[in-house]
Enquirer: 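Take a look at the following structure, please.
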Protein chains: 2
Amino acid sequence: MHGARPTIGDVAHAAGVSKGTVSLAYSGKRPVAEETRRRIFAAAETLRWTASSSAQALATSRTSTIGLVIARRPEIIATDTFFPRFIAGCEAVLAEAGMGLMLNVVADEDAETAAYERFAAGRVDGVILLDVEQGDRRPNLVRELGLTAVMLSAEPPHENDPVGTPVVYTEDAAAVGELVELLIEAGHSRIAHVSGPLRYVHAVARRDAFAAAMTRHGLLPDRIVEGDFTAASGRDATAALLDGDDRPTAIVYANDVMAIAGLSYARSSGLRIPEDLSVTGFDDSELSAHLSPGLTSVSTGADVRGAVAARTLLAALGGDARRSVLVDGTVVVRRGSIAPPSRP
Amino acid sequence: MHGARPTIGDVAHAAGVSKGTVSLAYSGKRPVAEETRRRIFAAAETLRWTASSSAQALATSRTSTIGLVIARRPEIIATDTFFPRFIAGCEAVLAEAGMGLMLNVVADEDAETAAYERFAAGRVDGVILLDVEQGDRRPNLVRELGLTAVMLSAEPPHENDPVGTPVVYTEDAAAVGELVELLIEAGHSRIAHVSGPLRYVHAVARRDAFAAAMTRHGLLPDRIVEGDFTAASGRDATAALLDGDDRPTAIVYANDVMAIAGLSYARSSGLRIPEDLSVTGFDDSELSAHLSPGLTSVSTGADVRGAVAARTLLAALGGDARRSVLVDGTVVVRRGSIAPPSRP
DNA sequence: CTGAAAGCGCTTACAG
DNA sequence: CTGAAAGCGCTTACAG
């Protein structure tokens with residue numbers, strides 16, 4: 001039954017045409033008589049033929065696949081709901097375009113470099129760069145390797161960003177500002193922030209937005225602690241924040257998991273949520289929506305970002321490279337985790 | 001700078017040998033004089049040559065990549081921490097073997113079929129089948145397509161399972177039994193179960209194990225409600241369970257997310273955890289470990305399963321197909337979410 | 001609108 | 001131990 005897959009030659013033979021014509025009938029790169037194309041399609045169907053990707057790749061030097069390397073520790077990948085949603089979003093547009101997605105999760109920088117090198121050895125046409133850092137080395141790395149790339153960001157591109165790599169970005173700053181706004185309106189002034197790892201541009205963007213919003217209202221942004229997106233760090237940061245006697249009445253977390261762990265810790269140490277402590281998350285995970293009370297969070301449209309990133313990369317591969325594209329899906333989702341402070 | 005990647009011909013020329021010898025020096029399929037191989041490697045290094053995957057794939061009819069299609073709704077993929085950990089585990093062994101991982105997330109059965117067909121068109125050598133269902137159609141589908149496969153399960157293979165597809169399995173039953181045991185020892189008798197979608201073999205395995213353990217202790221397993229692994233279903237199932245007046249004093253959930261949502265709901269309706277309601281999860285997510293109190297759960301070693309599944313598939317591709325392999329990493333992790341019932 | 005042929009960059013019998 | 005050549009299954013100028 002399996003074994004000997006049919007080749008384009010078999011189809012050509014069965015349809016009584018040349019291999020070139022079969023190819024053309026499928027690619028549509030040049031007209032084929034209607035009657036001929038029907039015969040070809042019929043033959044292909046009965047033989048159950050589909051073109052071999054490797055042969056196509058070799059002939060066209062296009063692999064029809066794009067690559068994604070994820071360079072976070074496994075606990076974090078598992079904990080952060082961003083990746084799977086982002087990937088699902090990518091897939092939706094890739095599948096439609098007949099493209100594949102090659103994934104690589106790596107533990108350190110050497111493995112990361114190796115991954116891009118493998119990608120460049122004819123495995124993928126382009127890559128999406130996630131978790132961009134200040135002065136990130138990857139745009140240059142992948143350019144040298146001859147890979148087309150797009151990168152994700154949480155803010156518009158700077159002038160000194162490497163040119164040539166389109167940036168797909170959200171504007172997280174406005175949403176974080178709105179969160180702080182909401183808290184201040186409710187009567188809070190001692191508001192803390194638990195950030196993500198500050199080597200990431202997106203974590204810095206959110207922290208800076210937090211600080212800016214506080215300052216704008218004459219408040220000192222002096223309660224900031226750096227987390228790493230894990231539940232463990234959320235709990236520890238919360239413990240540290242709640243330890244002093246001038247403790248915050250509200251905490252803005254850089255993701256939902258840290259917020260949930262923090263909220264749970266606060267509760268177990270006797271605080272009521274939201275009466276004694278208001279909290280907000282970021283990323284709007286499914287769990288947050290179904291907690292009681294629900295967690296006020298920021299929906300960043302991870303799947304939409306995946307879709308836009310994929311579309312932008314496909315466009316770049318097609319020669320249509322734009323400088324940057326804004327994904328306009330960042331919106332604050334209000335739920336029950338904010339209340340006026342009990343002891344303002 | 002980029003453009004014209006060097007070919008094996010360039011290396012051969014630079015090293016003063018034939019292309020065949022370069023190939024052999026790298027594959028080691030036949031001896032090459034030490035001095036010759038040194039020249040070849042040196043030439044390859046200065047030219048920065050690595051073999052083109054597409055050319056290799058065409059010549060050997062091996063793609064050196066394996067495929068994974070995930071057929072769950074995006075919210076569930078995002079919510080369940082199993083997938084990312086499983087994938088990370090796969091990657092660790094694949095990277096070492098120089099293999100790639102091609103991912104596909106699909107929305108319905110047609111898209112799933114299409115995904116396997118694309119895979120079979122020379123994109124991957126083999127696939128790992130997840131979320132196996134009763135009488136699953138995929139083992140036959142992929143066999144017809146000529147793909148080597150392994151499938152994951154939560155119990156040993158049955159006699160009437162399709163032969164030829166190696167099964168990589170855990171024994172979830174024992175762990176679920178132990179959970180029920182723990183609860184009974186603590187004094188519970190009104191114990192409920194919130195299962196996963198019962199079309200999955202693993203969900204049925206866990207539910208049956210729950211029922212068996214209850215029966216073993218002379219208790220009626222009559223409080224079972226089917227969830228779908230989302231937080232929403234965990235909350236709803238919990239609400240239904242807690243609604244009656246003969247409500248359970250303990251709930252065994254089929255995953256952590258449902259447990260966390262359920263626990264949150266119970267708390268908000270006035271119950272103390274664990275005093276008024278004991279709960280257990282499944283899968284041991286990072287969040288569960290850092291909640292307060294921590295959630296008693298079952299660690300199933302998702303990453304280890306990924307690694308074993310990948311290794312088993314590589315072996316099968318190498319012609320070494322075994323019937324089944326047990327992954328022996330399922331262990332109950334006790335945390336603070338179990339206590340004696342307050343009103344036994 | 002269609003065919004014959006070269007070429008993509010490897011691997012692998014076949015000779016020596 | 002090494003070389004020359006065929007072949008993997010496509011695509012794409014080049015002719016007609």
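First the proteins, then the strands, lettered A, B, ... as listed; each starts at 1.
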Enquirer: Applying side chain to side chain donor-acceptor pair (under 3.5 Å), name anything that partners A:Thr60, two or more places apart in sequence or on another chain.
Expert: none
Enquirer: Give one of base, sugar-phosphate or nothing for B:Ser61, where a contact means two heavy atoms less than 4.0 Å apart.
Expert: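 Here B:Ser61 touches no strand at all.
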Enquirer: Please determine whether a side-chain nitrogen or oxygen atom of B:Ser18 lies at a distance below 4.0 Å from atom OP1 or OP2 of D:dG3.
Expert: yes
Enquirer: Would you mind reading off the distance between A:Asp10 atom CG and D:dC10 atom P, rounded to a whole angstrom?
Expert: 9 Å
Enquirer: Considering just the side-chain nitrogens and oxygens of B:Thr21, establish if one lies under 4.0 Å of OP1 or OP2 belonging to D:dT2.
Expert: no
Enquirer: In which stems does DNA chain D show up, taking only runs of three or more Watson-Crick or G-U wobble pairs whose two distances fall under 3.5 Å?
Expert: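 When the pairs of DNA chain D are grouped into runs of at least three, the stems are C:1-3 with D:14-16, C:5-12 with D:5-12, C:14-16 with D:1-3.
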Enquirer: Is the CZ atom of B:Arg322 crowded by more than 12 outside heavy atoms at less than 6.0 Å?
Expert: no
Enquirer: Looking at A:Glu45, I'd like to know if its CD atom is crowded, meaning that more than 12 non-hydrogen atoms belonging to other residues, nucleotides or ligands lie closer than 6.0 Å.
Expert: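 No, because the 6.0 Å sphere around CD of A:Glu45 holds 12 heavy atoms or fewer from other groups.
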Enquirer: Give the residues of residues 28-43 of chain A touching DNA chain D, defined as any heavy atom closer than 4.0 Å, sorted by residue number.
Expert: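 Here the set is A:Lys29, A:Arg30.
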Enquirer: So does B:Arg62 get a backbone contact from the side chain of B:Asp125, meaning a donor-acceptor N/O pair under 3.5 Å?
Expert: no
Enquirer: For a quick test of reading the model: is some side-chain N or O of A:Ser23 closer than 4.0 Å to OP1 or OP2 of D:dT11?
Expert: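 So the side-chain polar atoms of A:Ser23 do come within 4.0 Å of the phosphate oxygens OP1 or OP2 of D:dT11, strictly under.
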Enquirer: How many whole angstroms separate atom CG of B:Leu58 from atom P of C:dT12?
Expert: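 Between P of C:dT12 and CG of B:Leu58: 12 Å.
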Enquirer: Figure out the CZ/C1' separation between A:Arg5 and D:dC10, and round it to whole Å.
Expert: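 A:Arg5 atom CZ is separated from D:dC10 atom C1' by 12 Å.
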Enquirer: For A:Arg123, is there any backbone N or O sitting under 3.5 Å from a side-chain donor or acceptor partner on A:Thr65?
Expert: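 Looks like yes, one N/O pair under 3.5 Å.
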Enquirer: Between D:dG9 atom C1' and B:Arg62 atom CZ, what is the distance in whole Å?
Expert: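 These atoms are roughly 18 Å apart.
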Enquirer: Under 3.5 Å, side chain of A:Arg39 to main-chain N/O of A:Ala15, donor-acceptor pair present?
Expert: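 Yes, the answer is positive, given that a donor and an acceptor are paired below the 3.5 Å cut-off.
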Enquirer: Please report, rounded to the nearest Å, how far the P atom of D:dG9 is from the CD atom of B:Gln56.
Expert: 17 Å
Enquirer: Roughly how many Å is it from NZ in B:Lys19 to P in C:dG7, rounded to a whole number?
Expert: 12 Å
Enquirer: With under 30° as parallel and over 60° as perpendicular, where do the rings of B:Trp49 and B:Tyr26 fit, or are they tilted in between?
Expert: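 B:Trp49 vs B:Tyr26 ring planes: perpendicular.
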Enquirer: Between the side chains of B:Arg137 and B:Thr113, does any donor sit under 3.5 Å from an acceptor?
Expert: yes
Enquirer: Whole angstrom is fine here: how far is it from OH in B:Tyr26 over to C1' in C:dT12?
Expert: 19 Å
Enquirer: Between A:Arg72 and A:Asp80, is there a side-chain N and carboxylate O pair less than 4.0 Å apart?
Expert: yes
Enquirer: From CG of A:Leu24 over to P of C:dA4, roughly how many Å is that when rounded to an integer?
Expert: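 It works out to 14 Å between those atoms.
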